Amino acid sequence: MRPLLISVTVLALSVCKQEAPAPVAVPLPAPKAVPAPAPKVDPVADLWAWVPAHLDELKAVQTGQEPAADALGGKLDAIDPGLTFELGLGREPFELIISADGKKELEEAAKGAAFLLLEAVVGEFDLETKIGGIQILAAPKRAPAGAKPLADLPGAVDAWPK
């Protein structure tokens, strides 16, 4: 039995010594570029950056179907879908009225927008150092006697004693 075992071993060794085919290089696919996530944008700050840049377009709105009106509506929807706007068409000074449309739950968004507008008009320093408090009230049906346009507010605040 021993001679048979040796011949089987030799046969097995000769089979194992056969050379394997040379490896073939297969190129790997290039990794796909993953775009960076878009930076988060504060919708209130975005609104007040957009309005001055598109003021002429807003002043030209006549029907509410113009692209500027749609874009303004989209900016407000990004803050809260319940916000509405009204434009003082054909008036000087031009009026942009943003409203929570009587919905109490939307007053936080409207107040934030009003605060940012005031900060943009008078400047952060004057707002923080010269204006003691801000009270947001419903717009009256008619402008009070002696009312001035918003554009006059920075000069009035600058004239206050330091």
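Treat the numbers as computed from the prediction; the structure is a model and nothing was measured.
Inter-residue side-chain proximity for L87 and F85 is flagged as met; some heavy-atom pair is nearer than 4.5 Å.
Put simply, NE2 on H54 and CG on D56 are 10.5 Å apart, with the number rounded to the nearest 0.5 Å. One distance of note links NZ of K130 with CG of D158; it measures 5.0 Å at 0.5 Å rounding. To the nearest 0.5 angstrom, E95 atom CD is 12.0 Å from K59 atom NZ. Once rounded to the nearest 0.5 Å, the distance linking CD1 of I79 with CG of D46 reads 8.5 Å. Between the CD1 atom in I98 and the CG atom in L76 there is a gap of 5.0 Å [rounded to 0.5 Å]. For the atom pair CD1 (I131) and CG (L118), the distance works out to 4.5 Å, reported to the nearest 0.5 Å.
L47 and I97 are not part of a single hydrophobic cluster, where members link through side-chain heavy atoms under 4.5 Å apart.
E66 contributes a side-chain N or O that, together with a main-chain N or O of G64, makes up a donor-acceptor pair within less than 3.5 Å.
The two residues A71 and W50 come nearest to each other via the heavy atoms CB-CZ2, 3.5 Å. Across all non-hydrogen atoms, the minimal contact from A156 to W160 is O-CD1, 3.2 Å. Contact record, A68 with V61: CB-CG2, 4.3 Å, taken as the closest heavy-atom pair.
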Start with the C-alpha distance between L117 and V51, add both sets of side-chain angles, then the distance that settles side-chain contact (heavy atoms from CB on, under 4.5 Å), and finish with yes or no. CA-CA 10 Å; L117 174 62; V51 167; over 6 Å; no

